[in-house]
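Fair warning: this is a prediction, and the values are worked out from it, not measured in the lab.
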Amino acid sequence: MTGTPQQPQPVAVEADFDAAPGMLEGAMELTIGPKECNLAYWITQVAQGTLRERGITGHHERAQVPAFLKAPGPLREALVLEFGLRALSEEIATRLLAPYVEIAPSILEMEFYSTQLLDEARHARVFRQHLVELGMPEATLIEDIEEMAVEFRREVLKPVIDFTLDIVQKQRDFYGGVAVFAIVIEGVLAPAAELSERKWTPLSPATGEISRGTSIDEMRHLTVANTILRDYIRDNPGYRPRLLEILRSGVELWDSVDDRKFVMHREELFQKGMAEHAGLIADYEIWPGTRLLDTTADQRYAMAEQWTDKMAQARLAEMGLPAEVMQSTTRAVA
C-alpha cells in the first residue's frame, strides 16, 4: 500500500525566487532565526523552493547567456574576473564554516551552519559553472581561477582566513565567529551581491538569476546570524564588550586590506563594455532614479559602500550595539 502523495508546501516569501525582497531590504527588515531555518526548512524552502529548476546552474534553462559574453571583450573579462574571484571566495567560505558546525552550541545552530556551508559550496559551484558557460575550459578551470586570483588570495583572502580561524578554531568562540562571518565578512561583502544582480540583470538573464539566487541565500545567512547574536547578547550581556572588541578588530582588518584595486579594475572593464551595449541596457535603472548607463565605476563602488553602512546600522541597532563600531575608511565589495 502506498501513501498519499504529499502536496508541495508553499514557499516562504523570503525563499521565493520571484517574491523574495532584495538582499539589502530583507537583511535589514526580516527577523528569522535558526529555529525557523533548520534542516527541514532548507530542504523544503531552499532546495525545493528557491532552487527549483535552478539547481544545476543557478539559473533557469530559459535564462540564457548572450553570445557577446562568450566572445572576447571587456564585459566578458569583467564577468570572468568577478565570478572567478567570487568562486574562490565562496570556496574559502565553505571551508571556514566547518569549525562552526563542529563547535555549534546546540542542534539548531549546528543544522543552520550545516546548511550555510552547503549554500556557500553551491555558490562556488554555480560561479565556476557560469565561467564554463562563458567558454572557459572546464578541464583547467580550477587552475585558471587560482592563477587569476593569486594576488587576491594573498592580499585579501589570507588575512580574512587567519582572522576568522583564530577566533572560531583556536579560541573556539562560536558567537565571536558568528559576528566575524555575518557582520565583518558577509556584512561587508553582501552589498556586492546586490550590485552584481542589479548591473548584470539587463545584460544577461542567466548571470542575473545566479546573482539573485545567491543574494536570497545571503539575506537568510545575515538575518539568522543577527538573531543568534541578538538573543545571545540579551541573555549574556557580559559578552557585549567582547563582541564590540571583535567588531572593531574586524574593521581594522578591512582597513588594512586593499581590495579596491581588484574591484575597480573589473568595474572599469564593465564600464567600457556597458557603453558598447548601451542599446540593450537602455533606460534600465540600477537604483531608483538612476540609469545604469549614467553611472561610473566610482559611483557604483561608492553606492555599495553606502549600502554596507546602511545595512550595518540597521542590524547593529536591532542588537542594541552602536553603529559607530563599524565605521571605517575602507569598504570591501569583492
Side-chain angles (χ1 to χ4, degrees), residues 11-32 37 41-42 45-47 49-55 57-60 63 79 82-83 85-87 89-90 93-94 112 115-130 181-183 185-226 263 266-267 270 284-288 292 300-301 303-312 314-315 331-334:
V11 179
V13 172
E14 75 278 359
D16 189 293
F17 192 90
D18 298 309
M23 192 277 298
L24 294 173
E25 177 187 355
M28 290 189 292
E29 298 181 2
L30 284 175
T31 303
I32 51 176
C37 295
Y41 175 99
W42 190 90
Q45 304 300 307
V46 180
T50 309
L51 302 180
R52 184 179 300 150
E53 299 185 308
R54 295 178 174 89
T57 62
H59 63 82
H60 198 281
L79 184 52
E82 180 177 331
F83 272 31
L85 298 191
R86 290 184 73 184
S89 298
E90 299 284 5
T94 306
F112 172 72
T115 65
Q116 182 171 339
L117 186 153
L118 190 54
D119 285 336
E120 309 295 5
R122 185 190 75 82
H123 297 172
R125 186 183 191 281
V126 295
F127 290 147
R128 291 194 304 268
Q129 178 63 32
H130 200 46
F181 212 100
I183 300 178
I185 301 176
E186 284 196 313
V188 173
L189 300 180
E194 181 87 0
L195 181 62
S196 179
E197 178 186 348
R198 294 189 188 198
K199 74 182 187 184
W200 288 110
T201 291
L203 289 162
S204 170
T207 310
E209 285 205 359
I210 291 169
S211 295
R212 167 70 169 163
T214 58
S215 290
I216 290 173
D217 289 341
E218 301 296 358
M219 173 178 62
R220 181 174 63 259
H221 301 164
L222 293 169
T223 306
V224 173
N226 214 66
V263 178
R266 70 179 186 235
E267 285 299 331
F270 181 87
Y284 171 84
E285 294 186 350
I286 189 169
W287 52 78
L292 175 58
R300 293 191 297 274
Y301 186 93
M303 180 55 73
E305 288 184 322
Q306 292 180 34
W307 290 339
T308 298
D309 292 337
K310 184 177 180 181
M311 188 172 69
R315 298 174 66 226
R331 285 287 185 257
V333 290

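- For the side chain to side chain contact (heavy atoms under 4.5 Å, CB included) test, residues two or more places apart in sequence or in another chain that qualify with Ala15 are Val11, Tyr41, Gln45, Thr50.
- Here the OH atom belonging to Tyr284 is positioned 11.5 Å from the NZ atom belonging to Lys199, to the nearest 0.5 angstrom.
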Which donor-acceptor pairs under 3.5 Å do side chains of residues 16-30 form with protein atoms, sequence neighbours excluded?
residue : atom : partner : partner atom : Å
Asp16   : OD1  : Asp18   : N            : 2.9
Asp16   : OD1  : Ala19   : N            : 2.8

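- The heavy-atom pair separating Val224 from Cys37 by the smallest distance is CG2-SG, 3.7 Å.
- Scanning for salt bridge (Lys or Arg N to Asp or Glu O under 4.0 Å) contacts around Glu218 gives an empty result, with sequence neighbours left out.
- Rounding to the nearest 0.5 angstrom, the gap separating the OG1 atom in Thr308 from the NZ atom in Lys310 is 12.0 Å.
- How far CG of Leu51 is from CG of Asp119: 8.0 Å, rounded to the nearest 0.5 Å.
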Next on the checklist: Working note: Arg220 + Thr115, criterion side chain to side chain contact (heavy atoms under 4.5 Å, CB included); need CA distance, chi angles, decisive distance, verdict.
Outcome noted: CA-CA 11 Å; Arg220 181 174 63 259; Thr115 65; 5.6 Å; no
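- Applying the salt bridge (charged side-chain N to carboxylate O under 4.0 Å, His left out) rule to pairs touching residues 205-216 yields Arg54-Glu209, sequence neighbours excluded.
- Not counting sequence neighbours, His221 has no partner by the ring-ring contact (aromatic ring centres under 6.0 Å, His included) test.
- Scored by the side chain to side chain contact (heavy atoms under 4.5 Å, CB included) test, Val126 finds Arg122, Ile210 as partners (sequence neighbours excluded).
- Note that CD1 of Ile32 is 8.0 Å distant from CZ of Phe112, once rounded to the nearest 0.5 Å.
- Between the side chain of Ser211 and the backbone N or O of Gly208, no donor-acceptor pair lies under 3.5 Å.
- Applying the side-chain hydrogen bond (donor to acceptor under 3.5 Å, both in side chains) rule to Trp307 yields no partners; only residues at least two apart in sequence or on another chain are considered.
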Next on the checklist: What verdict does the side chain to side chain contact (heavy atoms under 4.5 Å, CB included) test give for Leu195 and Ile286, after you've listed the backbone C-alpha separation in whole Å, the side-chain angles of each residue and the deciding distance to 0.1 Å?
Outcome noted: CA-CA 8 Å; Leu195 181 62; Ile286 189 169; 3.9 Å; yes
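- Defined by atom type and a distance below 3.5 Å, a donor-acceptor pair is present between the side-chain atoms of Arg86 and Ser196.
- Among residues at least two apart or in separate chains, ring pair (Phe, Tyr, Trp, His ring centres under 6.0 Å) pairs with a member in residues 186-212 are Trp200-Phe270.
- Considering only residues two or more places apart in sequence or on other chains, Gln306 meets the side chain to side chain contact (heavy atoms under 4.5 Å, CB included) condition with Met303.
- Separation of atoms CZ (Arg315) and OG1 (Thr223) is listed at 7.0 Å; rounding is to 0.5 Å.
- A heavy-atom distance below 4.5 Å is not found between the side chains of Thr214 and Glu90.
- Residues meeting the side chain to side chain contact (heavy atoms under 4.5 Å, CB included) test with Ser204, sequence neighbours left out: Pro66, Leu69, Ala206, Thr207.
- From His123, atom NE2 reaches atom CD of Gln116 across 9.0 Å, with rounding to the nearest 0.5 Å.
- The nearest pair of heavy atoms linking Ala182 to Leu222 is O-CD2, 3.1 Å.
- Within the structure, every pair that satisfies the salt bridge (charged side-chain N to carboxylate O under 4.0 Å, His left out) test and touches residues 185-197, not counting sequence neighbours, is listed here: Glu194-Arg198.
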